[in-house]
Amino acid sequence: MEFTESSLKKEDAVHTAEVMAGDGWMYALKKGQVLRITDLKGNQAVDTIFFNAQNTMERYHSTNTIVGQQNVYISTGTALRSNENNVMLTVVADTCGRHDTLGSACSCESNTVRYALDKRYMHSCRDIFLKALLDWGCDMDKRDQVCNINFFMNVPVNPDGGSNFEDGLSEPGKYVELRAEMDVLVLVSNCPQLNNPCNAYNPTPVEMTIW
Ligand SMILES: [Zn+2]
């Protein structure tokens with residue numbers, strides 16, 4: 001795993017926001033702007049989808065991203081690709097070293113299937129995505145929630161081809177930085193999941209910083 005530090009200074013940022021666990025966040029990132037996501041307390045999972053701001057039918061595509069770089073993990077240098085195979089953003093700094101784009105977002109259905117029937121009513125990223133889209137005021141809904149990125153989440157692929165959710169590799173203050181290569185809408189659910197170790201059973205806030 002490689003670690004790449006950023007030279008950007010927080011005092012030069014144009015916007016910062018703290019996103020509590022279980023909250024959504026949306027932002028219109030202009031081409032050339034940089035978004036840093038900081039894992040304030042460590043071991044958090046930050047579920048994220050990107051849309052072309054001019055044409056939201058173009059959106060993040062995990063398979064094109066994996067095939068494009070011949071690597072299942074996201075880290076410095078990864079070109080985040082769309083369903084039209086255009087590069088939407090580039091990972092330009094990363095002090096965590098590994099991010100997932102296989103595990104997708106938690107939902108009431110996955111809570112039920114993976115854990116127990118009575119977990120159905122717990123908060124989930126799919127519902128947080130939906131609320132963030134409604135709050136933003138666009139016409140997107142559940143059908144627009146494609147397989148996403150889970151920043152800071154550790155989902156290793158085993159030699160036999162399976163994968164599982166593992167205890168996180170991230171620590172307090174670790175960050176990942178993305179440069180927008182087109183105008184993008186950023187949709188985030190700061191994961192509230194309590195039933196697997198992706199958040200160390202203790203979901204915590206993250207910070208968004210934009211230059
Ligand atoms: Zn989640």
Side-chain angles (χ1 to χ4, degrees), residues 17-27 35-51 59-63 65-66 72-75 80 89 91 94 96 98-136 140-157 162-172 174-176 178 185-208:
E18 190 170 317
V19 182
M20 303 303 286
D23 275 355
W25 182 78
M26 270 191 92
Y27 194 87
L35 165 66
R36 179 188 294 176
I37 307 174
T38 304
D39 189 359
L40 292 174
K41 309 277 186 184
N43 271 15
Q44 184 56 20
V46 185
D47 293 47
T48 307
I49 305 176
F50 301 102
F51 301 90
R59 63 274 305 266
Y60 175 71
H61 197 280
S62 59
T63 309
T65 299
I66 290 168
V72 294
Y73 304 121
I74 288 170
S75 188
L80 302 178
L89 304 99
V91 181
D94 180 15
C96 175
R98 181 186 285 182
H99 310 271
D100 165 68
T101 190
L102 297 171
S104 196
C106 61
S107 62
C108 64
E109 291 84 2
S110 69
N111 282 346
T112 307
V113 170
R114 283 189 188 130
Y115 311 114
L117 200 56
D118 63 2
K119 309 293 188 195
R120 179 176 182 84
Y121 304 98
M122 295 178 74
H123 293 237
S124 74
C125 286
R126 289 253 177 248
D127 290 340
I128 294 164
F129 278 150
L130 186 61
K131 181 172 185 304
L133 287 167
L134 289 169
D135 289 346
W136 186 258
M140 291 191 284
D141 61 26
K142 274 198 171 176
R143 293 169 293 187
D144 299 288
Q145 297 181 20
V146 293
C147 183
N148 56 289
I149 300 174
N150 297 302
F151 288 110
F152 307 110
M153 188 167 166
N154 184 22
V155 184
V157 175
S163 69
N164 47 285
F165 300 150
E166 293 280 345
D167 192 10
L169 301 167
S170 187
E171 294 169 9
K174 299 268 185 188
Y175 61 81
V176 60
L178 314 152
L185 287 178
V186 184
L187 171 62
V188 164
S189 164
N190 193 19
C191 185
Q193 185 56 252
L194 288 166
N195 300 298
N196 77 50
C198 68
N199 302 325
Y201 303 100
N202 177 30
T204 48
V206 295
E207 187 176 68
M208 306 298 186

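Since this is a predicted model, take the numbers as computed values, not measurements. Along the sequence shown, residues are numbered consecutively beginning with 1. The analysis underlying the following values was restricted to heavy atoms, covering all of them including side chains, and did not include hydrogens, waters or symmetry mates. We count ligands from 1, going down the list as the structure has it; atoms in each ligand are counted the same way.
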Exercise for the section: Supply the atom-to-atom distance L194 CG to Y201 OH, rounded to the nearest 0.5 angstrom. Expected result: 10.0 Å
Exercise for the section: Compute the ring centroids of Y73 and H99, then answer whether they are less than 6.0 Å apart. Expected result: no
Handout entry: Trace of the salt bridge (charged side-chain N to carboxylate O under 4.0 Å, His left out) decision for K131 with D135
Key = CA-CA 6 Å; K131 181 172 185 304; D135 289 346; 2.8 Å; yes
Practice task
List nothing but the number: protein N/O/S atoms under 2.8 Å from the Zn ion (ligand 1).
Solution key: 3
Completion exercise
Rounding to 0.5 Å, atoms OH (Y175) and OG (S170) come to a distance of 12.0 Å
Practice task
Given side chain to side chain contact (heavy atoms under 4.5 Å, CB included), test F50 with V186 step by step and report yes or no.
Solution key: CA-CA 5 Å; F50 301 102; V186 184; 3.8 Å; yes
Practice task
Begin from the C-alpha positions of F51 and M140 and carry the test side chain to side chain contact (heavy atoms under 4.5 Å, CB included) through to its verdict.
Solution key: CA-CA 11 Å; F51 301 90; M140 291 191 284; 3.5 Å; yes
